[in-house]
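Computation of the quantities below employed the complete heavy-atom set of this structure, encompassing side-chain atoms and omitting hydrogens, waters and symmetry-equivalent molecules. Nothing fancy with the numbering, it's 1 onward along the sequence.
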Amino acid sequence: MSLDIIPKIKGFERKLSDLQQLKISNEIKNLDTTKIKEHLFFYKYDSRNVKPLLKSENKEIPLEDIATYNSFKGEVFENIIYELLLEYALHNDFITKFVLKGPHQNRIDKFYKTGLMIDKKLQIAYKSNYKDISEFDALFFTNDALYFVEMSTSKKTVSLNKRLEKKYALLKVLFPKFHIRALIILTQGTVGLKRFPQYCTIWITKDLNDDELLKQLVFNRKKRNFKTPYTHEKFIEAYTIRHSKFIYFQTLEWIFKKSREKGFVDLNFFKSKKLSLYFGIYTKLYIGFLDIDEFLKLVPSYSDYILNVFVTIEKINTKDFDLVFYVKNQNGKLKRVRITTKETSIKDKELDGFTNAEVRFMKYLVKPEYFLELDYIKQLKESLKSFKPLS
């Protein structure tokens, strides 16, 4: 039976701030694996490329192999922190629910189509129509808040910060009754800590420098007969959590059609509070199509044979929005085209990325009534200079 998790404290006034409660334990700060080391051997590791490095008698990792080594070390760091968080949750009553993953979970949700579940890598993920929308290193609940956890051994935080907005926005849509917060766990010497949003709590641990542990995990991994000791009722399976429904592509279609109900593009619709969350999830929202000849008037240097031109409103950064064109070529390639006063930027999009999947879905809406005139495109672009959704 599904768990119906309802906040016990309603409204925005809280008796005790969760942010004050979240204090790092000494075990986490020092990466103390004494209690949890044996559990680490039951996780899945992508160790094929790192095995030769750990077998080598050369103590210095070659420059060309550092990325491979650091990636594996990051995997181990994440598993250590997750195991220590299980202990942290067990001994802190303010954590009411904690989601199991890795060897601890009972993966009976492998055929589920949409919702929070465990993916093939045994990570916590939200799927829509079988497609991974977002992944979470850990999830746990307090009385009135849902925390998602991000862990990283990288000393730079720019890419991590960018990933937060989508996860935050998605969870706001799925759990509108909860305050959404993030616990960010990094290592000593990490830069850019002041750039994180206010909903983040930052924990700093020592670096993972236990090469002997890394070797043991690669060459002595166990695969069977693991039984989780975390059987308290607060430890839950991802698929049992009730949340609001969110279907990625159908929502994208609904936004498109709703914005064009009046024929023109309704910018007031995009300014609503709910749509600001969707900008966080999608980054760009589709508003129509442009005739190929009209597009070539805007970008006469474009030389590929074009199949369709998709017009979007895209969130460029936290303050700026602009019209961005996604051009599907006859050879199957997809290009992102943005026109500014300084330049026209044309970039390739990955064939297996979200944008290509969106375009494949949106092509069924290429109808005459949704095409935009070139003059109207120019007016929209000007209007977006002062465009600000509700936060």
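The distance from atom CG of Leu22 to atom SG of Cys200, rounded to the nearest 0.5 Å, is 11.5 Å. Rounded to the nearest 0.5 angstrom, Thr205 OG1 and Asp32 CG are separated by 12.0 Å. Separation of atoms CG (Leu164) and OG1 (Thr157) is listed at 9.5 Å; rounding is to 0.5 Å. Taking CD1 from Ile185 and CD1 from Ile202, the interatomic distance works out to 10.0 Å, rounded to the nearest 0.5 Å. We find the NZ-CG distance between Lys44 and Asn79 to be 12.5 Å, quoted to the nearest 0.5 Å.
Considering only heavy atoms from C-beta on, Ser152 stays 4.5 Å or farther from Phe77 through its side chain. Proximity of Leu100 to Tyr82: side-chain heavy atoms (C-beta onward) are separated by under 4.5 Å at one or more points. Looking at Lys335 and Lys328, their side chains never come closer than 4.5 Å, going by heavy atoms from C-beta outward. For the pair Thr114 and Phe246, the minimum side-chain heavy-atom distance is 4.5 Å or more. Residues Val191 and Lys155 form no side-chain contact, since every pair of their non-hydrogen atoms from C-beta on lies 4.5 Å or further apart. Between His91 and Ser25 the shortest side-chain heavy-atom distance does not fall below 4.5 Å. Under the 4.5 Å side-chain criterion, counting only non-hydrogen atoms from C-beta, Leu139 is not in contact with Val149. Using a 4.5 Å cut-off on side-chain heavy atoms (C-beta onward), Ile346 and Arg336 make no contact.
With hydrogens and angles disregarded, no donor-acceptor distance shorter than 3.5 Å links the side chain of Thr33 to the backbone of Ile36. With Asp119 contributing its side chain and Leu122 its backbone, the two residues share a donor-acceptor pair below 3.5 Å. Put simply, the side chain of Asp132 never gets that close to the backbone of Ser134: no donor and acceptor are under 3.5 Å apart. For the pair Glu150 (side chain) and Leu160 (backbone), a donor-acceptor distance under 3.5 Å is absent. At least one donor-acceptor pair under 3.5 Å links the side chain of Asn30 to the backbone N or O of Asn26. Between the side chain of Asn331 and the backbone N or O of Lys333 there is at least one donor-acceptor pair closer than 3.5 Å. A donor-acceptor pair under 3.5 Å is absent between the side-chain atoms of Glu382 and the main chain of Gln379, judged by distance alone. Judged by distance alone, with hydrogens and angles left aside, the side-chain atoms of Thr142 form a donor-acceptor pair with the main-chain N or O of Ala145 at under 3.5 Å. Judged by distance alone, the side chain of Asn92 and the main-chain N or O of Phe94 form no donor-acceptor pair under 3.5 Å. Remark: the backbone N or O of Lys315 is not paired with any side-chain donor or acceptor of Lys284 at under 3.5 angstrom.
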For Leu372 and Phe289, run side chain to side chain contact (heavy atoms under 4.5 Å, CB included): C-alpha distance rounded to whole Å, both residues' side-chain angles, the deciding distance at 0.1 Å, then the answer. CA-CA 6 Å; Leu372 300 167; Phe289 311 98; over 6 Å; no
Derivation and outcome, side chain to side chain contact (heavy atoms under 4.5 Å, CB included), residues Val327 and Leu334: CA-CA 6 Å; Val327 184; Leu334 182 66; 5.7 Å; no
Between Ser345 and Lys347, is the side chain to side chain contact (heavy atoms under 4.5 Å, CB included) condition met? List the steps. CA-CA 7 Å; Ser345 169; Lys347 295 181 179 178; 3.6 Å; yes
Could you check Lys97 against Ile236 for side chain to side chain contact (heavy atoms under 4.5 Å, CB included), going step by step and ending with a plain yes or no? CA-CA 7 Å; Lys97 302 292 177 186; Ile236 61 175; 3.8 Å; yes
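No side-chain donor-acceptor contact under 3.5 Å links Lys206 and Gln188. In this structure, a donor-acceptor pair under 3.5 Å is absent between the side chains of Lys73 and Thr153. Side-chain contact annotation: Glu75 with Tyr43, donor-acceptor N/O pair under 3.5 Å absent. Side-chain contact check for Lys271 and Ser276: no donor-acceptor pair (N or O, by modelled atom type) lies under 3.5 Å. Asp211 and Tyr69 share a side-chain donor-acceptor pair at under 3.5 Å. Looking at Lys215 and Asn220, their side chains never bring a donor and an acceptor atom within 3.5 Å of each other.
Separation of the Trp203 and Phe196 ring centroids does not fall under the 6.0 Å cut-off. A ring-centre distance under 6.0 Å is found for His243 and Tyr126. Remark: aromatic rings of Phe148 and Tyr168 are distant, center separation not under 6.0 Å. Residues Tyr147 and Phe140 place their aromatic rings such that the two centres sit under 6.0 Å apart. Ring centroids of Phe141 and Phe98 are separated by 6.0 Å or more, keeping the two rings apart. Ring to ring, Phe270 and Phe321 are not that close: their centroids are 6.0 angstrom or more apart. Checked against the 6.0 Å centroid threshold, Phe42 and Phe226 count as a close aromatic pair. In this structure, Tyr376 has its ring center at least 6.0 angstrom away from the ring center of Phe264.
Listed by first and then second residue, the side chain to side chain donor-acceptor pair (under 3.5 Å) pairs that reach into residues 259-269 come to none, sequence neighbours excluded. Sorted by first then second residue, the salt bridge (charged side-chain N to carboxylate O under 4.0 Å, His left out) pairs that include residues 183-198, not counting sequence neighbours, number zero.
For Glu350, the CD atom counts as loosely surrounded, since its 6.0 Å shell holds 12 or fewer non-hydrogen atoms of other residues, nucleotides or ligands. Within a 6.0 Å radius of NZ in Lys245, other residues, nucleotides and ligands contribute 12 heavy atoms or fewer. The 12-atom threshold is not exceeded at CD of Glu373, counting heavy atoms of other residues, nucleotides or ligands nearer than 6.0 Å.
Screening Ile80, Leu84, Thr34 against Glu27 for a side-chain contact (heavy atoms from CB on, under 4.5 Å) leaves a single residue, Leu84. Looking at Tyr286, Phe249, Phe269 one by one, the single match for ring-ring contact (aromatic ring centres under 6.0 Å, His included) with Trp254 turns out to be Phe269.
With salt bridges taken as basic N to acidic carboxylate O contacts below 4.0 Å, one links Glu135 and Lys121.
Relative to the ring axis of Phe354, Lys166 places its NZ or CZ within 45° and under 6.0 Å from the centre. Geometric assessment of Lys349 against the ring of Tyr326 yields a negative cation-pi assignment under the 6.0 Å and 45° thresholds.
Leu307 and Val309 fall into different hydrophobic clusters, defined by Ile, Leu, Val, Met, Phe, Trp and Tyr side-chain heavy atoms under 4.5 Å apart, directly or through other members. When the side chains of ILVMFWY residues are joined at heavy-atom separations under 4.5 Å, either directly or via intervening members, Ile316 and Leu384 end up in a single hydrophobic cluster. Tracing side-chain contacts under 4.5 Å through hydrophobic residues (I, L, V, M, F, W, Y), one never reaches Phe175 starting from Ile247; they form parts of separate clusters. Hydrophobic clustering, with ILVMFWY side chains joined whenever heavy atoms are under 4.5 angstrom apart, keeps Phe310 apart from Leu351.
The aromatic rings of Tyr248 and Tyr282 are tilted relative to each other, their planes meeting at an angle between 30° and 60°.
For Asp137 against Met151, the heavy-atom pair with the smallest separation is OD2-N, 2.9 Å.
In this view, Asp304 satisfies the salt bridge (Lys or Arg N to Asp or Glu O under 4.0 Å) rule with no residue, not counting sequence neighbours.
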